[in-house]
Amino acid sequence: MAELRLTNTLTGKKEIFEPRDPEQITLYVCGPTVYNLAHIGNARPVVVFDMLYRVLRALYPRVRYARNITDIDDKIIAAARERNEGIEAVTKEFTDKYREDMAKLHTLPPDLEPRATENIEPMRDLIVQLIERGHAYTAEAHVLFDVTSMPSYGALSGRNLDDMLAGARVEVADYKRNAGDFVLWKPSAQGEPGWDSPWGWGRPGWHLECSAMIRAHLGDAIDIHGGGRDLIFPHHENERAQSCCGYGGDFVRYWMHNAYVDMDGEKMSKSLGNVRAVRELLGMYPGEVLRFALLSTHYRSPLNFSGELLDNAKTALNGFYQALRNSADIDPEDIRAEDTAAFTALLDDLNTPQAIAELHSACKALNKADAKGAATCKGHLLAMGRMMGLLGSDPEQWFTEAASDSGLTQEDIEQRLAARLEARARKDFAAADAVRDELQAAGIELEDGPEGTSWRRA
RNA sequence: GGCUCGGUGGCAGAGUGGUAAUGCAGCGGAUUGCAAAUCCGUCAACGCCGGUUCGAUUCCGACCCGAGCCUCCA
């Protein structure tokens, strides 16, 4: 079988992927906290790990991919209060919108989408376990994890405990034994959402849910855990501590983290307020363009987001669809995606830029091919696109579908084309060009081919 | 301050111990009534200084610059 290599954050190295059980692969990716719209930065891990999911499915008979929905959190509570609604209304709305947006990026839905509020029981069990084993303690209605109880705490993020405790810059709550101790359970005030527990009415800490849900839905340990780079510390470090100490075992074999989407060279984040919602961008570009743009840089490198980035993505996709449109009458050969150069590129730590280069190569080959070779070339291009969640649209639609309601309708355009055709037939090029100029001004570009004139929206 | 990661042509962006993909842009040509699309050709890059080596952009060290984490964050 082909070898998949992945960069493991824990070791800092690119390693050959060796699953716990080749019959069943387990993948867990941190999902959204549903209190507002997903921004383009949120979309990066979704697209990146969708890519991984597709590769894993091509390699192994069964892949279980879980992505959680965090539907209890202080920010959700705050948003609900602001809107004067229950948290369910908030989480329902943004969960639905999240799923819609991600689907438009051509990401496959995960096999499992566990919700925090539906997994309180395993969370409480985990806390009990941690207390029993001496890794957690109660203090003022909180339950806290004692970071000094785990010798390897800090291994994932490359920190050591002494430095961390000494260099703590944050004011430490006085009920904590160590500055680095983190909350497993916190008390809820009157009127705040909460659950009964041995430690009183309260709610889980934000690191706890992933540990408990991974165990509940995927098992004691999993193959791959993914997420954004900023989750390495503290979230994944703490998750690792909870799971390793509470359940024993290795927990995660491969940790994978994607770099950020930057805005003007600066990190895009909710707190900096420089975010671009996926939903907003989808009003300006097809989802496939956003997907392509997110895949155009390797996942471990920062991606600078800009209109230029999206325009380039659009141009590239236009080129592919142009080749497909020009070869519309060619019946593509049936090519397995696993037999393509793009797949080989993806096996090397998801080298999507290389895979895209292979797309260009196949596209060029298709453009140059004679009728005989075109079927094979087209088959390759489509197979690689399929693998990457790209090029699935109808080429004709890709070029002619209107992004908005404004502008000329298809009928308007066809009508003018007919008039122009007639003008050209009687060699009245001035009249023909006038039509073309008019359409050009309306954002419609024409192409005269041997079999008639086709058009596209710019 | 501690810990990460990165600096490749005009831009985007792979990769490699033996001078470097791909795309966009530019330039020249073919094609076209003119365009568009396509094809052919072409220009152009490895932050800086040392070290290891027959040879480094690639390995090691220092330096400069940039980003991130250490606090909610993909």
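The side chain of A:Lys368 contributes no N or O atom lying less than 4.0 Å from OP1 or OP2 of B:A37. At B:G13, one or more side-chain N or O atoms of A:Thr297 fall inside 4.0 Å of OP1 or OP2 (strictly under the cut-off). Of the side-chain N and O atoms in A:Lys314, none sit less than 4.0 angstrom from OP1 or OP2 of B:C24. A close approach under 4.0 Å does occur between a side-chain nitrogen or oxygen of A:Asn351 and OP1 or OP2 of B:G15.
Taking atom CZ of residue A:Phe305 and atom P of nucleotide B:G13, one finds them 13 Å apart after rounding to whole Å. For A:Tyr153 and B:C70, the OH to P distance is 12 Å, given to the nearest whole Å.
A donor-acceptor contact under 3.5 Å is not formed by the side chain of A:Arg300 with the base of B:C5. A donor-acceptor contact under 3.5 Å is not formed by the side chain of A:Arg44 with the base of B:A74. Taking 3.5 Å as the limit, the base of B:C34 and the side chain of A:Asp448 contain a donor-acceptor pair of atoms between them. The base of B:G33 is paired with the side chain of A:Asp433 by a donor and an acceptor separated by under 3.5 Å.
Among the duplex regions that RNA chain B forms, those built from at least three successive Watson-Crick or G-U pairs under 3.5 Å are B:1-7 with B:64-70, B:10-12 with B:22-24, B:26-30 with B:38-42, B:49-51 with B:59-61, ordered by first number.
For the P atoms, the distance linking B:U42 with B:C65 amounts to 41 Å, nearest Å. To the nearest whole angstrom, the two P atoms, one in B:C60 and one in B:G47, are 15 Å apart.
In this structure the side chain of A:Gln397 never reaches within 4.5 angstrom of the side chain of A:Tyr321, judged on heavy atoms. With contacts defined as side-chain heavy-atom distances shorter than 4.5 Å, the pair A:His217/A:Glu113 does not qualify.
Taking the six-membered ring where the residue is Trp, A:Tyr153 and A:Phe182 present parallel rings, their angle staying beneath 30° rather than reaching 60°. Between A:His257 and A:Trp255, the two ring planes are parallel [angle under 30°; tilted spans 30° to 60°].
Residues A:Cys363 and A:Tyr299 both approach RNA chain B. Their nearest nucleotides, taken by heavy-atom distance, put A:Tyr299 toward the 5′ side. When each of A:Asn258 and A:Arg424 is assigned the nucleotide of RNA chain B bearing its nearest heavy atom, the one mapping closer to the 5' terminus is A:Arg424.
With 3.5 Å as the limit, one finds a donor-acceptor pair spanning the side chains of A:Thr70 and A:Asn68.
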